[in-house]
Amino acid sequence: MTNTATRPSDLQDERLQNREGIRGTIAGFVDKIRGGDLGALPVVIGLAVIWTVLQILNHGFLSAANLVNLLLESSPTGVIALGIVCVLLVAQIDLSVGSVSGLSSAIIGILFVNLGWNVFAAIAVAVLTGVVIGWVYGQIFNRFGVPSFVITLAGLLSFLGLQLYVLKGIGTINIPFDSPLVIFAQLAFVPAWLSYVLVVIAAGGLFLSDLAKARARRGAGLSAQPLSLIALKSGALLIGLGFAAWYLNIARGIGWMFVLFVALVLILNYALTRTKWGRAVFAVGGNVEAARRAGIRVKTVYTSVFVVCSTLAAVGGILAASRLAASSQSSGTGDVNLNAIAAAVIGGTSLFGGRGTAFAALLGIIVIQSISSGLTLLNLDSSFRFMVTGLVLLLAVALDSVSRRSRTSHGRA
Amino acid sequence: MTTSTLDRSTAPATILSLRGISKSFGAVAALTDISLDVAAGEVVAIVGDNGAGKSTLVKVLSGVHLPDAGTIHFNAQPVAIPNPTSALDLGIATVFQDLALCDNLNVIENLFLGRELRPARLNDIAMEVRSWELLRQLSAKIPSVRIPIASLSGGQRQTVAIARSLLGDPKVIILDEPTAALGVAQTAEVLNLVERLRERGLGVIMISHNMADVQAVADRVVVLRLGRNNGDYKVGTVTPEEIIAAITGATDNAVTRRTSQVDLRTIQPTVLPDGTVEPPSSENLNDKETER
């Protein structure tokens with residue numbers, strides 16, 4: 001009580017335990033976990049377990065070459081999962097992302113290869129298709145109140161049909177290997193020196209932005225992270241990313257397509273956490289009625305989220321076609337849909353809305369792709385992959401439900 | 001309490017004035033010829049039975065329903081309140097009974113929901129500073145503004161909801177059953193808050209079923225019965241029995257009959273230490289009956 005005057009203005013309540021410095025941060029973190037606010041912890045632990053098991057079963061799994069491939073393979077579905085995160089945040093679902101991505105890759109194949117369009121024009125049309133599809137979903141959802149589950153289930157069938165129709169009689173369109181699309185997705189890697197520069201920029205950027213934030217908070221009389229903690233965090237990031245870059249550079253390095261995926265994750269993370277739109281998305285996912293009364297245009301938020309999701313699905317389709325160097329009648333079918341949704345959920349996005357981050361897509365898709373890649377190395381076919389992925393998805397959803405219950409009982413809903 | 005009521009009533013500047021407000025839903029006349037005045041720095045309690053028209057009146061004032069007839073004057077100007085936004089723009093803020101907070105967002109995010117500072121790059125620091133200012137003005141007991149609403153008690157949530165309505169700098173604030181779901185201590189907290197709103201010079205309209213709360217903070221009590229004005233009393237000049245009679249429309253009603261039973265059964269004269277016998281005070285009587 002005696003030091004009340006010297007404490008920052010947001011920590012003056014006498015009921016607050018003094019949690020300053022690194023020790024306080026750790027104690028706060030343990031409290032959060034106990035209360036069911038698990039964040040990224042389960043997926044990080046899960047990833048460690050999966051990698052350990054697969055490495056024991058096949059010593060090639062954690063080799064640099066395999067990890068380089070794994071990251072490239074993750075990117076198309078990861079981009080689609082990023083859109084799913086947005087939809088899940090408002091407690092809706094989009095089941096048609098696979099079909100939309102397939103349609104988008106068919107559009108690329110026909111326009112770019114068969115009709116000889118400029119590559120950027122073909123990409124623009126494919127992306128625009130995604131925008132329009134999302135907009136239509138939003139209109140149907142807002143005007144008629146049809147559950148998004150049903151709208152997008154109809155979309156799944158319809159756009160699969162459309163994809164089959166436009167590719168009728170063609171079957172598969174091969175994209176030339178010397179086209180910019182295939183070069184970008186298969187052959188373009190970040191030069192080693194540039195990868196280290198990017199690592200330093202990332203860690204330095206975190207350090208400077210945290211430092212500026214701490215200074216501004218102190219200036220406003222609020223509590224702030226101590227310099228030691230900021231330095232520790234950015235130092236850990238520098239070492240972690242630096243090691244990853246060094247290890248991947250043993251093989252071919254970091255693919256530009258993966259860099260694009262990470263860039264999209266960072267952009268979406270900014271939009272969700274630092275803009276008014278992001279707040280509106282979380283508010284709609286938490287309590288629609290409260291959001292409406294607070295003056296948020298709920299219908300616009302729903303439409304924007306469906307548009308973001310379908311657009312990212314279309315982008316994912318373009319990346320998948322580029323990665324395969326082909327667009328076919330089977331593009332976007334099979335497990336693409338469920339892998340994208342599973343990635344978002346495994347990464348820690350709640351199916352109940354209002355909880356999750358953009359990084360969920362990144363972590364989740366790496367888990368899914370690790371399983372897929374590891375089982376392929378073990379010469380097990382897709383039957384095993386489906387079973388294991390299904391099991392992991394079930395685990396993730398069960399964990400979400402249990403931690404939700406724990407949050408409710410600890411008052412952290 | 002009585003003296004302060006008299007002090008305040010010397011020169012009240014009427015902010016909000018309703019005359020002849022009527023509203024029907026089909027064949028049901030929910031409000032008929034309602035009049036209501038609210039002055040700056042005045043707490044007006046609206047009481048009435050279920051179906052008396054309290055909620056409809058609140059909805060007319062907050063822009064949810066348009067009245068069929070009647071005039072609304074705000075700061076002596078005739079105004080129309082066609083939608084919730086125009087009510088807010090005028091300076092009429094409403095705290096609904098279900099509070100409308102997002103459980104997954106923290107206190108700052110809830111306070112500024114829909115009117116964040118700097119939309120493209122949220123100014124969290126300015127919002128946090130402003131949140132603390134606001135909560136301290138209300139002497140709110142909230143340990144941290146960076147915890148989710150889910151971890152706050154009912155009284156604290158009510159405080160956050162009221163603080164949020166104050167962000168737009170309203171002149172009149174409408175509280176719909178602010179103490180309905182609260183415990184004893186939390187009710188006291190909210191009543192203190194209502195008094196602080198009055199000290200800030202706001203006109204407060206409080207809907208309540210709880211006669212003890214009404215007696216504790218209100219300056220005037222407006223009684224509605226079956227959609228009509230059925231009494232406008234200055235607190236301190238009226239007994240709870242009179243108010244209840246106005247609510248139910250009869251002096252011989254279920255409440256008074258029950259109260260007299262209670263009196264006979266439970267209220268005994270108290271023997272003071274010096275051996276004299278103290279008669280049951282009227283205050284005790286009031287408490288007993290309102291608890292029922």
Side-chain angles (χ1 to χ4, degrees), chain A residues 8-17 19 32 35 37 89 91 212-224 270-271 273-280 282-298 350 352-356 404 407-413, chain B residues 62 64 83-85 88-89 93-96 98-133 135-136 140-153 156-157 161 164-165 167-168:
Chain A
S9 69
D10 57 331
L11 298 181
Q12 286 188 356
D13 195 288
E14 58 206 73
R15 286 167 292 177
L16 276 184
Q17 286 162 321
R19 290 225 166 117
K32 260 178 127 176
D37 201 351
L89 280 179
K213 191 175 151 201
R215 191 169 298 153
R217 283 182 67 86
R218 239 172 246 127
L222 299 170
S223 66
Y270 179 88
T273 55
R274 306 285 303 146
T275 70
K276 192 173 175 157
W277 175 78
R279 284 281 153 86
F282 278 93
V284 169
N287 186 343
V288 186
E289 192 48 38
R292 184 174 291 124
R293 293 216 198 127
I296 292 170
R297 291 203 204 104
V298 173
S350 173
F352 307 102
R355 300 186 69 85
R404 178 181 147 95
R407 279 198 306 274
T408 316
S409 64
H410 284 75
R412 278 175 179 272
Chain B
S62 58
V64 178
N83 54 52
T85 323
L88 284 177
D89 290 344
T94 310
V95 180
F96 287 98
D98 64 353
L99 304 184
L101 300 169
C102 289
D103 273 356
N104 60 331
L105 299 183
N106 68 26
V107 177
I108 309 171
E109 289 163 344
N110 266 292
L111 283 176
F112 283 87
L113 192 60
R115 52 191 153 198
E116 290 85 355
L117 306 178
R118 218 166 57 188
R121 194 161 65 88
L122 296 181
N123 193 343
D124 285 331
I125 295 168
M127 286 194 273
E128 184 163 351
V129 170
R130 183 88 181 83
S131 302
W132 279 115
E133 275 173 24
L135 294 172
R136 296 233 160 90
K141 295 226 163 38
I142 289 177
S144 166
V145 291
R146 292 157 75 83
I147 48 175
I149 288 289
S151 53
L152 299 184
S153 71
Q156 288 171 330
R157 287 179 204 208
R164 183 164 86 180
S165 68
L167 261 184

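Numbered from 1 within each chain, the chains take letters A, B, ... in sequence-line order.
Ranked by heavy-atom pairs shorter than 4.5 Å toward chain B, the options A:G354, A:G295, A:A291 are led by A:G354. The most heavy-atom pairs under 4.5 Å with chain A, out of B:S144, B:P143, B:A120, come from B:P143. Among B:T94, B:L101, B:V129, the residue making the largest number of heavy-atom pairs under 4.5 Å with chain A is B:L101. Heavy-atom pairs under 4.5 Å with chain A peak, among B:I142, B:V145, B:L88, B:D124, at B:D124. Heavy-atom pairs under 4.5 Å with chain A were tallied for B:I147, B:T85, B:L113; the largest tally goes to B:L113. Each of A:A280, A:A271, A:A283 has some count of heavy-atom pairs under 4.5 Å with chain B, and the biggest count is that of A:A283.
By the side chain to side chain donor-acceptor pair (under 3.5 Å) test, B:N123 pairs with no residue at all, sequence neighbours left out. By the salt bridge (charged side-chain N to carboxylate O under 4.0 Å, His left out) test, A:R293 pairs with A:E289, B:D98, sequence neighbours left out.
With B:N104 contributing its side chain and A:R355 its backbone, the two residues share no donor-acceptor pair below 3.5 Å. Between the side chain of A:R274 and the main chain of B:R121, no donor-acceptor pair closer than 3.5 Å is present.
Contact annotation for residues 214-221 of chain A against chain B (heavy-atom separation below 4.5 Å, listed by residue number): A:A216, A:R217, A:A220.
Rounding to the nearest 0.5 Å places CG of B:L122 at 12.5 Å from CH2 of A:W277.
Applying the side chain to side chain donor-acceptor pair (under 3.5 Å) test to every pair with at least one member in residues 106-117 of chain B, sequence neighbours left out, gives these pairs: A:R279-B:E109.
Within a 6.0 Å sphere centred on CZ of B:R118, heavy atoms belonging to other residues, nucleotides or ligands number more than 12.
Of all non-hydrogen atoms in B:C102 and A:A290, the two that sit nearest each other are SG-CB, 4.0 Å.
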